[in-house]
Amino acid sequence: MSANPGEREPVRPEIALSWKRSRLSGLDPSSAIAVDTEEQDGESRLLRAAAPVLDEVSQQIAGTGFCVLLADRECRVVASVYSDSRVERTIERLGVVNGSRFGEEHAGTNALGTPLEVGRSVVIHGDEHFLDSLKGLSCYGQPILHPVTRRVEGILDMTGVVSQANPLFAPFLARAAADIEKRLLEGSKASEQRLVDAFQRVSHQRHIAVAAIGDDILLSNRTALDLLDTADHVSLRSLIADLNPDQSRLVTVELASGALARVQADRISGADGGALFLVEPLQRERAPIRRTHERAPSPGERLRRDLMRARASSSAVAISGEAGSGRTSAASDVVGSVDARWHDATRIAFDGREQWITDLVRAARKRSGVVVIEQVQLLPDSVLPLVADLVDASAEGPRIVLTSGAVADLPPAIVSLISRCASRIAINPLRERQAEIAELAQAMLEGISPELRLTASAAEALAAASWPGNLAELRVVLHRASGERSSTRIDVVDLPEDYRTTAKVSRLAGREKAERQAIIGALKDCGGNKVHASAQLGISRSTLYTRMRALDITV
């Protein structure tokens with residue numbers, strides 16, 4: 001079906017598909033080209049790499065009647081060169097200026113947006129453009145790929161005011177794109193060198209651990225090798241998530257080993273997110289004094305503290321948390337070496353209510369030890385008064401420990417029951433314990449196979465996951481990874497595909513991670529169809545594309 005009566009449908013399959021995408025995005029052929037008025041970063045990595053190449057291209061196309069446009073990964077024009085002023089005026093009258101948006105959702109089928117959509121070079125002849133205003137042009141678009149990550153960094157386009165694109169467009173533009181890609185690689189090396197230089201200036205300090213951490217580089221002096229674990233590298237990266245280049249932060253942290261250390265974190269300018277960390281071990285004071293500049297205890301640290309306090313007391317204890325969050329392990333920590341009788345409410349369905357009650361009463365008659373009742377949210381209403389009496393008599397009889405789901409999800413009768421316990425401990429879900437995931441995962445691995453170790457990249461990937469199944473889900477992932485690995489080190493490639501996330505994703509804030517998971521879920525529900533996914537999410541297709549690139553989603 002044509003967009004307008006009598007309009008000729010494009011015949012090439014890739015062009016027909018692009019027109020279909022353009023229509024589905026709600027674009028009208030008579031639409032004007034959108035312009036982004038937001039100020040552009042004149043010092044972006046892409047522009048730094050492309051500037052000398054575009055200068056050379058400008059000389060090569062002089063007097064030919066063509067122009068070359070450069071767009072960034074959001075398909076926004078960021079630079080252009082023209083063969084002469086007449087061509088420049090013609091192109092600008094069409095609305096093609098710095099800031100023009102050429103994604104298919106904004107400009108339909110064109111040689112900037114379509115190559116970005118399909119991931120390869122594309123030629124667009126005059127009438128194959130979707131917008132009426134562009135039909136007098138013929139263009140060739142070539143994606144610019146980063147030589148290391150192979151991600152699209154930008155798109156290079158050659159345009160002429162002709163009906164058919166010249167076949168020489170392709171090799172000419174391919175050479176120019178290759179030159180930009182080479183300079184991107186050199187720029188990456190330069191950013192790494194800045195990080196190396198910063199490290200070398202201070203790495204000689206013998207009593208301070210020095211680590212330089214970038215997206216693809218990790219440097220440590222001998223002290224850092226002895227002091228820092230993989231989990232510490234993940235924690236250090238979290239310290240600079242909100243720092244700008246050349247900004248610093250000084251905090252006191254607890255390392256994975258349990259030692260306290262003062263950390264100076266410096267974000268290195270020009271190092272593409274790299275940072276330098278100076279870690280100075282501290283002596284623990286017998287009566288430590290909380291200082292305002294020291295960070296608050298992590299959820300895991302607070303949990304360990306609360307469990308040890310509960311173990312030292314004799315009152316009843318209620319432990320609540322989401323399924324798989326470690327409630328049983330926490331109950332075991334509270335029990336310690338004391339004799340305990342365990343009663344799981346899920347057994348009522350198998351043993352029968354009367355038998356289960358009989359076993360519980362028999363255990364309660366022993367006036368010493370501990371009685372642990374798990375999953376109390378599954379108890380029938382008729383059993384609740386008996387359990388409440390046991391909790392109230394915990395000081396005279398056996399100590400009672402209850403486990404349940406998260407308090408917010410419990411019915412009022414169960415909330416009333418656990419409120420009778422003098423000690424109540426809530427276990428945070430794993431998604432709120434990001435800084436501890438590497439340490440928790442390594443501890444689990446030692447239980448699976450003592451020789452296995454997580455790489456820093458794998459630890460960062462695990463820390464970026466949302467973990468709806470909590471510790472139980474983490475254990476399954478590690479069991480699977482231990483079977484896939486080819487050495488004693490578990491790397492990102494050994495993890496299940498859904499858990500292989502980038503370093504960029506691992507540094508996203510909590511709200512951005514939730515947004516990323518929502519978009520990924522919608523794309524999976526819709527079979528990868530971005531039009532349907534945007535409709536399900538209640539956002540425009542252009543917004544979906546923008547957020548996918550910002551959140552590093554490649555589904």
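All heavy atoms count here, side chains included; hydrogens, waters and symmetry mates do not.
One finds the CZ atom of R480 at 12.0 Å from the CG atom of L478 (value rounded to the nearest 0.5 Å). Here Q247 contributes atom CD and I268 contributes atom CD1; the two are 12.5 Å apart, rounded to the nearest 0.5 Å. To the nearest 0.5 Å, atom OG of residue S30 and atom CG of residue L131 are 8.5 Å apart. Atom CG of residue N244 and atom OG of residue S269 lie 10.5 Å apart, to the nearest 0.5 angstrom. Note that CD of E473 is 12.5 Å distant from OG of S325, once rounded to the nearest 0.5 Å. Taking CZ of R89 as the start and CG of D84 as the end, the distance is 8.0 Å to the nearest 0.5 Å.
A donor-acceptor pair under 3.5 Å is formed between the side chain of D72 and the backbone N or O of R76. Not a single donor-acceptor pair under 3.5 Å links the side chain of S83 to the backbone N or O of A62. In this structure a side-chain-to-backbone donor-acceptor pair under 3.5 Å is missing from S121 to Y140. Between the side chain of S22 and the backbone N or O of S18, at least one donor-acceptor pair lies under 3.5 Å. No donor-acceptor distance shorter than 3.5 angstrom exists from the side chain of S58 to the backbone of D55, with no hydrogens or angles considered. At distances below 3.5 Å, at least one donor-acceptor pair connects side-chain atoms of R327 with backbone N or O atoms of G321.
Using a cutoff of 4.0 Å between basic side-chain nitrogens and carboxylate oxygens, R433 and E436 are scored as salt-bridged.
The shortest heavy-atom contact between A79 and L54 is CB-CD1, 3.7 Å.
In this structure, a donor-acceptor pair under 3.5 Å is present between the side chains of D266 and S248. One side chain, D197 or Q193, offers a donor N or O that lies under 3.5 Å from an acceptor on the other.
Sorted by first and then second residue, the pairs that involve residues 98-113 and meet salt bridge (charged side-chain N to carboxylate O under 4.0 Å, His left out), not counting sequence neighbours, are R21-E104, D36-R101.
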Which is it for I490 and L452 under the side chain to side chain contact (heavy atoms under 4.5 Å, CB included) test, yes or no, and what are the steps along the way? CA-CA 7 Å; I490 290 182; L452 294 183; 4.2 Å; yes
Is there a side chain to side chain contact (heavy atoms under 4.5 Å, CB included) between V35 and V97? Walk through the geometry before answering. CA-CA 8 Å; V35 178; V97 295; 4.2 Å; yes
Steps toward side chain to side chain contact (heavy atoms under 4.5 Å, CB included) verdict (I519, L537): CA-CA 7 Å; I519 292 175; L537 291 165; 4.0 Å; yes
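Contact check for E181 versus I144: side-chain heavy atoms found under the 4.5 Å cut-off. In this structure, N470 and L474 have side chains that are not in contact, with every pair of non-hydrogen atoms separated by 4.5 Å or more. The shortest distance between side-chain heavy atoms of V68 and D157 does not fall below 4.5 Å. Two residues are said to be in side-chain contact when any heavy atoms from C-beta on lie closer than 4.5 Å; D525 and Q536 meet this criterion.
Qualifying side-chain contact (heavy atoms from CB on, under 4.5 Å) partners for I437, counting only residues two or more places apart in sequence or in other chains: L430, L462, W467. The side-chain contact (heavy atoms from CB on, under 4.5 Å) search around V476 returns none, not counting sequence neighbours.
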